[in-house]
S.K.: 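One structure coming up, written as structure tokens, with questions to follow.
For the numbers below, each heavy atom of this structure counts, side chains included, while hydrogens, waters and symmetry mates do not. Not measured: the values here are computed from a predicted model.
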Amino acid sequence: MSNAPPKKAIRNPGPGPGPGPGGSAAGARGPAGNTVKFARRTSSGRYVSLSREDIDMEGELAADYTNYTVQIPPTPDNQPMMDGAEPASVAMKAEEQYVSSSLFTGGFNSVTRAHLMDKVIESEVSHPQMAGSKGSRCAMPACDGKVMRNERGEDIDPCECRFKICRDCYLDAQKDGCLCPGCKEHYKIGEYADDDPNDVSSGKHYLPGPGGMNTNKSLLARNQNGEFDHNRWLFESSGTYGYGNAFWPKGGMYDDDLDDDGVPGGDGALPEQKPFKPLTRKIPMPTSIISPYRIFIVIRMFVLLFYLTWRIRNPNMEALWLWGMSIVCELWFAFSWLLDMLPKVNPVNRSTDLAVLKEKFETPSPSNPHGRSDLPGLDVFVSTADPEKEPVLTTATTILSILAADYPVEKLACYVSDDGGALLTFEAMAEAASFANIWVPFCKKHDIEPRQPDSYFSIKGDPTKGKRRSDFVKDRRKVKREFDEFKVRINSLPDAIRRRSDAFNAREDMKMLKHLRETGADPAEQPKIKKATWMADGTHWPGTWAVMLKPPSPDPLYGMHDEEQLIDFSDVDIRLPMLVYMSREKRPGYDHNKKAGAMNALVRCSAVMSNGPFILNFDCDHYINNAQAIREAMCFVMDRGGERIAYIQFPQRFEGIDPSDRYANNNTVFFDGNMRALDGLQGPMYVGTGCMFRRFALYGFDPPRTTEYTGWLFKKKKVTTFKADPETDTQSLKAEDFDAELTSMLVPKRFGNSSPLMASIPVAEFQARPLADHPAVQHGRPPGALTVPRPPLDPPTVAEAVSVISCWYEDKTEWGDRVGWIYGSVTEDVVSGYRMHNRGWRSVYCITKRDAFLGTAPINLTDRLHQVLRWATGSVEIFFSRNNAFLASRKLMFLQRVAYLNVGIYPFTSIFLLVYCFIPALSLFSGFFIVQTLNVAFLCYLLTITITLIALGILEVKWSGIALEDWWRNEQFWLISGTPSLSLSLACCFSLDTCHQ
């Protein structure tokens, strides 16, 4: 399969230019500019609106809006829909099914091909969104393909004769005159045979999709020139044109449309304008704690200044070498302490209001009458490389926690990057997608926390606490049994793949030997057959790219009440988020840039496929522990001023650590102290897993508004980088409007040659804006703009996604230099966050009441010291690179600059710490001390410094909320990890364990 479009157009043409996922989100307009409101009738007889109208409720239109609904009859330019949804073209559903059931391969100088898979894993697959799900066979002779299926997994019969046909045979039939192979009659394009658009007696009103018209027309209604013959169409269907026929539906459009007399509309009174409700709130620290904390910082600063001055003026003339060593170390310690304490002068707490988020984005309103979710899309990245070091069961359970997150299913997509290209990881992800068919609806039905099955079933205590449904115990027992079987299948995958591959390789050897015997060749000269890894369907493992779960339908899909079903999900939405497995192309001679390169590949392929304006990245051993965490993060970026936030950093929490935390794995002083303090400045640093990014910020653009700090006093200067025209402020901008230095000629040099990727940039920028529901929101989007369903996947889109992850794509581009994750450093996370802050972006630290994410940490000292060594190596690389905070721009706040400067300088403290640790021994052997005589001034300085240090420690424990024991463990391990000698670290660890015992 090439990148060329398919034989038949399969995607509905966009309804027009616009920022929404499907083009323009504006409602349909009549030929005279009149506003038209579309609606459909539900099974209960209630009318629900389908289109999003930007209705001005201040004028005469309000009464018209509340009084009647305009129903549009089907015309050639206005084809009917099925059950109120968009025109479900059979060809479109066929292509969507083809994408979800294929494994796509491709790369540099190679054509992208799709391998259709009838079987992905050994076990049976039942969920309709997953590749390889069960279905009927095609009725065409000599064809073993599966028939097309709808979103519920039921067979699609494009003809009233119910002839079973697969996707390829259906496309061939359309090419050969659009005749059904069964009854030899013409197919009815865009509608099912048993749905007559002119039959209104059944109570179904067929209406056009929101924002546009379908272009499918009857083949019989076309003349010789291919133009539409309106008279002939009127004769065939007895249709009538016009935009009239306004009527009052029985029961009203909404429940509140009827007055006391049953007349819709009432008096047409305007609804009261609701006051602005913020989504977040900044909570300053109590004055009784933070004020003394700042005072003690100032006191200790002056005491250190006086002490060092006294030390310099009173040298030990008998041992200048010892005095010099001590004074240099003490000067460095004072400087390092100052760099660490200055950014902590303004710590803050933050809170979110999830009820207001639901009210603004998921509650029916004039701009969103049908109550669809108006939240932006989210792409979740999970990276793994080696299934031996990173168990696939851990990765699979992480995927399950993501799929079960409390976020709109149609707005969520999960991407798994397997840099090892292992079939073991691929089949483990397929097993996880199959088990998600049970686990995700179970979590939604009973409000399960945490939504990682292994952690959930390991919780000690009463599982029925807080559960209201009477069938919870029965459902939990069944899901527990299924999860145990799931773990058995995952753990047996290595042996299953090995046995399968050995069997298929032996079969290939027998075929070759048989061929040699038939041709009379010498068996001793048998050519060596290259051993291959075989998939479950009997084909070679290409090790590239696949769609595990196709995008869900825009409307809720509830389970069937069937005795064959394991659990009753009749009142639960059983849709699953899109799941994509990706293994990027690797070739000799190309620098793949390790994890940063894998993350950038995920950014590009997700931009082509789902283009979620926000990205959440995870390590494979971190899972979602709080299903509401994503919504809490969205509160910050969707609130007033959220357009300036580049990322939301969550604290990293770990499980499986010993209660005493002897190696300070929790690192609570950093995550609850330092990061909370930076949140009061320009924002916390990016420290890896558990961070939600704005996609537009990852592309290397500046924020719409920023602040520059100029002069010695760092005076603030407001800078606007986007257009400030109020008439165009809520519209999508072009690429040149984002960056003054960027032209149409330089866009491919920065982002590559992918046109869909470049076209997705303004869409992602627009969809990430907060709602323009308040005059103070200077860079927002209109409400309801993201309620339009996005189009399904098609083969050209998938082929483009495969192309942008090939090994050559980043050549001569700015990926890794300005765009995406930054290359060239072991700690690419800190560098990437620094680049965003340096361009004027801000970040937010999100601490939830229930830990948002949980992961694993090193359990022994050797691994812990290797981790610290890697961090220190990355910090030294930052210090000796252009990412040094000394070279930062004027958009970086002074105290934020100090914090980044401390990141690059703190590893050098180990040198001075090691020297200072030897001073007592040198004093003992030489008989000299760092001072010539122990006088009162020296002792008073030491006493004051010690008292202020203890007071600062106590106050820091108070405002950060950490335990005193955690603070003390952190101080102990700081000494251990700060000493470069491994033997000394092991000795300290031994003494620490002895004290613990």
Side-chain angles (χ1 to χ4, degrees), residues 278-284 339 342-350 636-649 674-686 691-726 729 733 737-742 765 768-770 772 774-780 818 830-846 882-903:
L279 296 172
T280 61
R281 188 164 58 98
K282 183 186 293 186
I283 306 174
L339 293 181
L342 283 180
K344 295 182 179 181
V345 298
N346 189 33
V348 297
N349 288 320
R350 299 180 186 272
F636 293 104
V637 294
M638 291 291 104
D639 201 7
R640 183 173 55 189
E643 71 277 1
R644 303 175 61 187
I645 298 176
Y647 60 87
I648 309 293
Q649 178 67 60
N674 297 57
M675 298 288 277
R676 197 192 300 261
L678 290 176
D679 197 17
L681 304 177
Q682 201 167 339
M685 304 174 186
Y686 167 43
C691 185
M692 192 183 79
F693 284 96
R694 182 184 299 270
R695 183 184 291 270
F696 184 71
L698 278 175
Y699 287 149
F701 291 104
D702 294 339
R705 295 178 294 110
T706 185
T707 303
E708 290 187 356
Y709 303 91
T710 59
W712 289 99
L713 299 178
F714 297 97
K715 296 181 179 179
K716 294 183 179 181
K717 178 184 176 182
K718 301 294 183 179
V719 179
T720 302
T721 58
F722 287 7
K723 289 183 178 179
D725 184 5
D729 190 43
L733 304 177
D737 296 325
F738 300 139
D739 191 346
E741 300 177 356
L742 190 64
E765 187 278 330
R769 299 180 185 182
H774 191 270
V777 180
Q778 302 181 17
H779 193 74
R818 178 189 176 106
V830 178
V831 176
S832 302
Y834 166 77
R835 291 287 186 89
M836 297 180 192
H837 282 147
N838 200 33
R839 287 193 291 268
W841 289 99
R842 294 181 175 271
S843 58
V844 169
Y845 199 51
C846 183
R882 60 174 179 169
N883 298 312
N884 193 314
F886 281 118
L887 308 176
S889 67
R890 294 181 297 180
K891 298 178 181 179
L892 193 65
M893 188 182 298
F894 171 72
L895 293 181
Q896 191 80 19
R897 187 190 303 258
V898 172
Y900 276 111
L901 188 63
N902 187 38
V903 170

S.K.: Mind checking what makes side chain to side chain donor-acceptor pair (under 3.5 Å) contact with Asn883, not counting sequence neighbours?
M.R.: Arg835

S.K.: Measuring only between side-chain heavy atoms, which start at C-beta, is Tyr686 closer than 4.5 Å to Met836?
M.R.: no

S.K.: Working to the nearest 0.5 angstrom, can you tell me the gap between Arg839 CZ and Ser889 OG?
M.R.: 9.5 Å

S.K.: To the nearest 0.5 Å, what is the distance between CG (Leu895) and CG (Leu681)?
M.R.: 5.5 Å

S.K.: State, yes or no, whether a side-chain contact exists between Arg694 and Trp841 at a heavy-atom distance under 4.5 Å.
M.R.: yes

S.K.: Any chance you could measure Asn902, atom CG, to Leu339, atom CG, to the nearest 0.5 Å?
M.R.: 5.0 Å

S.K.: Using every non-hydrogen atom in the two residues, find where Asn346 and Gly680 come nearest and quote the distance to one decimal.
M.R.: ND2-O, 3.0 Å

S.K.: If you count heavy atoms of other groups shown closer than 6.0 angstrom to CZ of Arg818, is the number above 12?
M.R.: yes

S.K.: Using side-chain hydrogen bond (donor to acceptor under 3.5 Å, both in side chains) as the criterion, point out the one residue from His779, Arg705, Arg769 that pairs with Glu643.
M.R.: Arg705

S.K.: Is Met692 close to Ile645 at the side-chain level, that is, under 4.5 Å between some pair of heavy atoms?
M.R.: no

S.K.: Under 30°, 30 to 60°, or over 60°: which ring-plane class applies to Phe693 and Tyr647, parallel, tilted or perpendicular?
M.R.: tilted

S.K.: Quick check: closest heavy atoms across Ser843 and Pro684, and the distance to 0.1 Å?
M.R.: OG-O, 2.8 Å

S.K.: Roughly how far, to the nearest 0.5 Å, is CD of Gln682 from OG1 of Thr706?
M.R.: 7.0 Å

S.K.: Are any non-hydrogen side-chain atoms of Tyr900 and His837 less than 4.5 angstrom apart?
M.R.: yes

S.K.: Please give me the minimum heavy-atom distance between Leu678 and Ala899, naming the atom from each residue.
M.R.: CD2-CB, 3.5 Å

S.K.: Between Ile283 and Arg281, is there a side-chain heavy-atom distance shorter than 4.5 Å?
M.R.: yes

S.K.: Side-chain contact, heavy-atom cut-off 4.5 Å: Leu892 with Arg897?
M.R.: yes

S.K.: Is the shortest side-chain heavy-atom distance between Met893 and Tyr709 below 4.5 Å?
M.R.: yes

S.K.: About how many Å separate OH of Tyr845 and CZ of Arg350, when rounded to the nearest 0.5 Å?
M.R.: 12.5 Å

S.K.: Kindly give the heavy-atom pair with the smallest separation between Tyr834 and Asn884, and that separation in Å.
M.R.: OH-O, 3.3 Å

S.K.: Closest heavy-atom contact between Ala677 and Pro343?
M.R.: CB-O, 3.6 Å

S.K.: Before you tell me yes or no, could you show the steps for Val348 and Lys282 under side chain to side chain contact (heavy atoms under 4.5 Å, CB included), namely the whole-Å CA-CA distance, both residues' side-chain angles and the distance that decides it to 0.1 Å?
M.R.: CA-CA 7 Å; Val348 297; Lys282 183 186 293 186; 4.1 Å; yes

S.K.: As an exercise, state the distance from NZ of Lys891 to CG of Asn838, rounded to the nearest 0.5 Å.
M.R.: 8.5 Å

S.K.: Check Met675 against Gln649 and note the closest heavy-atom contact, atom names and distance.
M.R.: CE-CG, 3.7 Å

